[in-house]
Amino acid sequence: MADMTASTWSNWSGNVRATPQRIARPADEAELGDVIRTAPGPVRIIGSGHSFTPLVASEGTILDLGSFSGLNGHDPALMTATIGAGTPLGQLTQMLHAAGQGLPNMGDIDRQTIGGALGTATHGSGLGLGAYHTQLLKVRLADGRGQIREYDIEKQPEMLQAVGVNLGAFGAMTEVTFQNMPSYRLRRRRRALPLEEVLQNFDSLLRSHRSAEFFIIPFSSHALHLSYDIAEGPVSTHPPEQDEDGLKTLKMLRSTLKRLPWLRRKLIGSALSRVKPEDFVDVWFGAYVSERRTRFNEMEYHLPFEAGAGALKEIITLMERDFPEVYFPIEIRSVMADETWLSPFYRRATCSIAVHHDAAEDPAAFFRAVELIFRKHEGRPHWGKMHSLTARDFATLYPRFKDAMEVRRDLDPDNRFISPYLAKILDV
Ligand SMILES: Cc1cc2nc3c(=O)[nH]c(=O)nc-3n(C[C@H](O)[C@H](O)[C@H](O)COP(=O)(O)OP(=O)(O)OC[C@H]3O[C@@H](n4cnc5c(N)ncnc54)[C@H](O)[C@@H]3O)c2cc1C
């Protein structure tokens, strides 16, 4: 077992830090069981540390499941794949493609692990497409006493619904089986649209493609609309990524024109109205995934789909009135309803709205103000992104919260996976 004497650990954006006594990397399930039983608690499992909430932080043990990685098997007829839960998505995409399979959808980046993506209900966009956990057919995990348990959607459908989104609080997942589809190509189109047009045609712009999303550019009265549709044609040239350069320009204009919003709007708006539409075909993962180098903090809430356009208007008004320092785009996506108990999409077709803030600047006032709007519209926060809710709030937002907590107590009766943060958001 690789066992590092830990110093300070921090997440991707740097807003969560911890000084665990131990960072353990067990080589197999026997060693994993030993760590769970004997290592200093709380035992918190890490994927790749891309969550903004302190889900991974522990002053006891951080458990790295990097050894449980790789494609352990696949069925070409059924399009299923059995995968180590510590596999980073960026490696999984290559392995699945080589096996003739594809994930039906992806989020913005491929740095997360499968375990981490299931931990927080990570999602992409598309009203007919579910988050990663909707692909789950089987899960294998070590419970709070280090015992291996296996659940299969055919034999224990309720257990899959209970542990499909789990915050690393029900056990340490070692292996999962996913329902995939044949590998495919996607046509990705991007164009700039006046904000007015986006707000007027909000539903149809999100619904009329297999998958679509908007990035509202602050102080510009414009948005970028991205759409993704299955393509039969050959792969074409992938234009260079411009998001990082665009962010630098937005930040520079924010800093120089913070007190001249009319000039900021004129400059960004006219630059955007001249942006050439982008249109290319790529293998599925090449079209979905972006590189995110500029560090930020993020809050994302999942709202009933019908509430999306109204909430977005309120957020834009708030931001342009009170928060001239914001320069990161607002991201709007949709997600299909599902049956997983702790899924923010539980029985609800969703419009997801995400706000971002420079990681070097304090997001608290902006996020607090936006959160009031999200809450007014009965939003459920992304488990991995900043929010201020506690177990009491979740008990009202999630109809099966109590049932999920009962299953959790059964799997981890000694609360080995419960840190002070987990105790705040769960009923333990
Ligand atoms: C730049 C960036 C882009 C992002 N884009 C998106 C996006 O497009 N869509 C979206 O929904 N989210 C997005 N996120 C959020 C991110 O997907 C989630 O926070 C995700 O959980 C991070 O995965 P991770 O592997 O880093 O997990 P971590 O953050 O390390 O862990 C997340 C949770 O999973 C648990 N966990 C990890 N592995 C296991 C395991 N094997 N068994 C049990 N529990 C486990 C942890 O204990 C923790 O509770 C983004 C984040 C960043 C920083």
Side-chain angles (χ1 to χ4, degrees), residues 9-16 18 26 29 32 36 42-58 61-69 83-90 92 105-125 130-133 139-144 163-176 211 213 243-244 288-302 328 331 333 335 342-345 350 352 354 356 359 381-386 411-412 417-419 421-422 425-426:
W9 168 84
S10 87
N11 66 341
W12 177 84
S13 78
N15 74 320
V16 182
E29 286 178 348
L32 172 61
I36 293 175
V43 177
R44 293 300 306 148
I45 305 144
I46 186 168
S48 59
H50 275 57
S51 295
F52 302 91
T53 43
L55 287 169
V56 171
S58 172
T61 299
I62 289 184
L63 181 52
D64 174 351
L65 297 187
S67 305
F68 299 85
S69 178
I83 311 150
T87 313
L89 287 175
L92 179 66
N105 200 11
M106 288 188 78
D108 216 25
I109 56 161
D110 62 4
R111 298 302 159 106
Q112 308 94 329
T113 59
I114 281 289
L118 297 174
T120 64
T122 292
H123 64 98
S125 192
Y132 289 110
H133 58 265
V139 63
R140 189 173 164 88
L141 57 80
D143 68 18
V163 306
V165 174
N166 57 59
L167 311 165
F170 291 63
M173 290 180 286
T174 56
E175 189 180 85
V176 299
S211 157
E213 61 186 322
D243 291 4
E244 291 292 327
Y288 289 126
V289 171
S290 299
E291 181 86 38
R292 299 285 177 229
R293 289 194 301 277
T294 307
R295 303 283 155 137
F296 54 79
N297 283 307
E298 182 173 350
M299 169 179 280
E300 181 177 52
Y301 265 68
H302 303 297
F328 272 88
E331 187 174 12
R333 293 180 275 190
V335 189
L342 294 184
S343 163
F345 319 110
T350 293
S352 301
H356 308 74
H382 188 303
W383 289 109
K385 301 188 185 178
M386 291 166 83
L411 287 174
D412 181 23
F417 299 117
I418 298 301
S419 63
Y421 177 69
L422 270 286
I425 59 170
L426 300 181

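Just follow the structure's listing: the first ligand is 1, and inside any ligand the first atom is 1. Treat the numbers as computed from the prediction; the structure is a model and nothing was measured.
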Quiz question: by atom type and distance under 3.5 Å, do the side chains of S51 and T53 form a donor-acceptor pair?
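On atom types as modelled, these side chains do not qualify, holding no pair under 3.5 Å.
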Would you kindly specify which portion of [X] sits under 4.0 Å from ligand 1, judged on non-hydrogen atoms: side chain, backbone, both or neither?
| X | value |
| --- | --- |
| F296 | side chain |
| R333 | side chain |
| E298 | neither |
| L118 | neither |

Can you list the atoms of ligand 1 that are under 4.0 Å from a heavy atom of [X]?
| X | answer |
| --- | --- |
| A172 | 42 (N) |
| R44 | 47 (O), 49 (O) |
| W12 | 1 (C), 53 (C) |
| T120 | 18 (C), 19 (O), 20 (C), 21 (O), 32 (C), 33 (C) |
| G107 | 8 (O) |

Provide, to 0.1 Å, the distance between [atom] and the closest protein heavy atom, together with that atom's residue and name.
| atom | value |
| --- | --- |
| atom 5 (N) of ligand 1 | D108 CB, 3.7 Å |
| atom 9 (N) of ligand 1 | H123 O, 2.9 Å |
| atom 40 (C) of ligand 1 | I45 CG2, 3.7 Å |

